[in-house]
There are 4 protein chains.
Amino acid sequence: MRKPIIGVMGGSKASADVYELARELGERIAQQGWILLNGGRNAGVMAASAEGAHLAGGAVIGILPDKTARRSSPHLDIAICTGIGEARNVINVLSSDVVIACPGKLGTRSEVDFALHYKKTVIALQFDLGESYDVYKRRLQLLDAESPREAVELTAAVIAELEDLDSK
Amino acid sequence: MRKPIIGVMGGSKASADVYELARELGERIAQQGWILLNGGRNAGVMAASAEGAHLAGGAVIGILPDKTARRSSPHLDIAICTGIGEARNVINVLSSDVVIACPGKLGTRSEVDFALHYKKTVIALQFDLGESYDVYKRRLQLLDAESPREAVELTAAVIAELEDLDSK
Amino acid sequence: MRKPIIGVMGGSKASADVYELARELGERIAQQGWILLNGGRNAGVMAASAEGAHLAGGAVIGILPDKTARRSSPHLDIAICTGIGEARNVINVLSSDVVIACPGKLGTRSEVDFALHYKKTVIALQFDLGESYDVYKRRLQLLDAESPREAVELTAAVIAELEDLDSK
Amino acid sequence: MRKPIIGVMGGSKASADVYELARELGERIAQQGWILLNGGRNAGVMAASAEGAHLAGGAVIGILPDKTARRSSPHLDIAICTGIGEARNVINVLSSDVVIACPGKLGTRSEVDFALHYKKTVIALQFDLGESYDVYKRRLQLLDAESPREAVELTAAVIAELEDLDSK
């Protein structure tokens, strides 16, 4: 079995609180032995989650919008240079087994939309998407988490289900 | 000056009411002499808006997710076959001078998100995006319209501003 | 029936001779009532073929690699802003009924490769692709033309065949 | 320093000889401690090179054209699901430090073209691209290799140069 890939989305600008949230999330993902995937840039939630995972010994893949890795986080193990701009947001979610959305704006919202569209489970970590998304909560496709720890527990449960499906 | 391109987004499934809404919108866009751009498929708001514009003598461009035009609306003048799936949603909004969002689900939301991200004006036609988007309403980047007629009037005002900017 | 879309590929740098070749080609495509599609930039074969077609009253679509139309030819009727860089070369060929390749370098070669891969007919106008492509000549999928006039005659024959197939 | 990423391109159909060539190449890439990147499908040179690298303990990334990993090689460590079809060929080369082209047809040629366009060094392993590419050989941007061993030796020299550049 391949290692699970956990997509971490979130704003390219992050307050100190959100930075720490994403850093701890990255750390906990690494501690589970999962691969962390994000948008790869050296900014905001991307930089924070990569740092957390990398310093905890985990593997980090960045899917960059750019043609080169010049603007990438120094904590990536693998830089995928797409050159297709924000259209790469689709790749971020298609390549992730589970998507965790940290606070962000329009780019992050587009990734949540695509993830739900492609039937991925999305965990919203301290990120209120608004009432329009309640229908996805009722279907248990969108889950709320208050802490990185809770986000990782929910992720573990989703992965266990996916592996169970795969083995059938 | 090139003719304005108006992007019409909306669900690939449409109720009879939404179908008629999008059809009338297409018709009114054509009557203004604008080019209508949509996702090109022969389904939902895409099919309806193409039909309305085409039968009123307007030009219609469809940006298809597919490699061929087999699933395209018969009312397209030009079928752009991208072969890049839903990543083409980014192209839809980047190529539009103004985006009008008819009722839709996650795909339509991703297009609204990208459009706002890229600083396009978005007109939500009978489409409630939720309170999370109020910030864009306050900036007048997101406008509500109750009817195709109102959507077209708002669009005309935005285009006049864009042309005014261009001429400076 | 939709109007045929003829893709004109070629270098973003063009000698005076190649510029005139592409300009005349654009002119002749417009005179046939066909739509000309190219890469949209205001450079080389793109600029020349757009100019020729536009000044002869034809319709021109440019599929730009860029997020905006700032670098586009002034002779486009429709600027499709993809924002996906050279990955848009795939869209150029998928959207064309026939591809005419004027002299160019690696970008043009990639378009010829994709066009042949997707089973499009390619007409090489004063463009020697090398012996490696002889297999496609033997299959009549790759045709040589010495002049814009010959390229347009060959294109007309291919379109007639495609329309014949469609009507069956 | 990140580990070098070596892109291995080649046909999705491979004779027994080419399969063994690509398998050995993958093995030797893994033995160097480099990461192997390819198109990810369970076919031809992709399958062979993934198998060789994986069984030798190396890391393998597949950049799939598909929305899911259903058609991927079982020997991938990481499956990047792009959903953008053959437009992903651009990503393959942009993400590779060096590109090794095994025998292939049009898809492989498009990757060589993009790689040279983006100023990557390309090593053609038993793959004759034709005289049109001699100009890139003279510039030492395109190198011929007769065996996987030679391809890896040439790759090592290119990587040493790149690392030397980076450290300046």
Side-chain angles (χ1 to χ4, degrees), chain B residues 1-7 33-40 42 50 54 58-99 111 114-115 117-120 162 165-166, chain C residues 1-7 33-40 42 50 54 58-99 111 114-115 117-120 162 165-166:
Chain B
M1 294 277 307
R2 279 177 210 148
K3 287 189 188 178
I5 296 181
I6 312 304
W34 301 329
I35 295 170
L36 187 149
L37 179 149
N38 67 25
N42 194 19
H54 186 65
V60 183
I61 307 172
I63 310 289
L64 291 155
D66 312 299
K67 289 180 184 168
T68 72
R70 267 182 222 126
R71 298 177 67 184
S72 69
S73 159
H75 296 292
L76 302 185
D77 293 284
I78 293 166
I80 301 297
C81 300
T82 69
I84 65 169
E86 283 72 27
R88 72 82 154 82
N89 291 7
V90 173
I91 302 179
N92 292 356
V93 304
L94 285 173
S95 302
S96 298
D97 294 302
V98 177
V99 169
E111 289 168 318
F114 280 124
H117 177 75
Y118 289 123
K119 307 298 180 197
K120 306 280 179 178
L162 291 173
L165 277 174
D166 270 355
Chain C
M1 294 278 305
R2 281 176 208 146
K3 286 188 188 178
I5 297 181
I6 312 304
W34 300 329
I35 296 170
L36 187 148
L37 180 151
N38 67 27
N42 194 19
H54 185 66
V60 183
I61 307 170
I63 309 288
L64 290 154
D66 313 300
K67 288 181 185 170
T68 72
R70 268 182 222 127
R71 299 176 68 183
S72 69
S73 158
H75 295 292
L76 301 186
D77 293 282
I78 293 165
I80 301 297
C81 300
T82 69
I84 63 169
E86 283 73 26
R88 70 80 154 86
N89 291 8
V90 174
I91 302 179
N92 293 356
V93 304
L94 286 174
S95 302
S96 299
D97 294 302
V98 178
V99 169
E111 290 168 316
F114 279 125
H117 177 75
Y118 289 123
K119 308 297 180 198
K120 306 278 182 179
L162 292 173
L165 276 174
D166 271 355

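Residue numbers begin at 1 in each chain, while the letters A, B, ... track the order of the sequences. Values in this document were obtained by computation on a predicted structure and should not be read as measured data. Every heavy atom of this structure was used, including side-chain atoms; hydrogens, water molecules and symmetry mates were not.
In terms of heavy atoms, P74(B) sits closest to R2(C) at CA-NH2, 4.4 Å.
With chain B as partner, the option from I61(C), I84(C), T68(C) having the largest number of non-hydrogen pairs under 4.5 angstrom is I61(C).
Both the backbone and the side chain of L76(C) come within less than 4.5 Å of a heavy atom in chain B. Contact annotation for I35(C): only side-chain heavy atoms (C-beta onward) come within less than 4.5 Å of a heavy atom of chain B.
For the ring pair (Phe, Tyr, Trp, His ring centres under 6.0 Å) test, no residue two or more places apart in sequence or in another chain qualifies with H117(C).
Listed by first then second residue, pairs satisfying salt bridge (Lys or Arg N to Asp or Glu O under 4.0 Å) with a partner in residues 68-83 of chain C number zero, not counting sequence neighbours. Within the structure, the salt bridge (Lys or Arg N to Asp or Glu O under 4.0 Å) test picks out the following pairs touching residues 79-96 of chain C (sequence neighbours left out): K67(A)-E86(C).
Between the CG atom of L37(B) and the CD1 atom of I78(C) there is a distance of 8.5 Å, given to the nearest 0.5 Å.
Listed in order of number, the residues of residues 90-99 of chain C that approach chain B to under 4.5 Å between heavy atoms are V90(C), I91(C), L94(C), S95(C).
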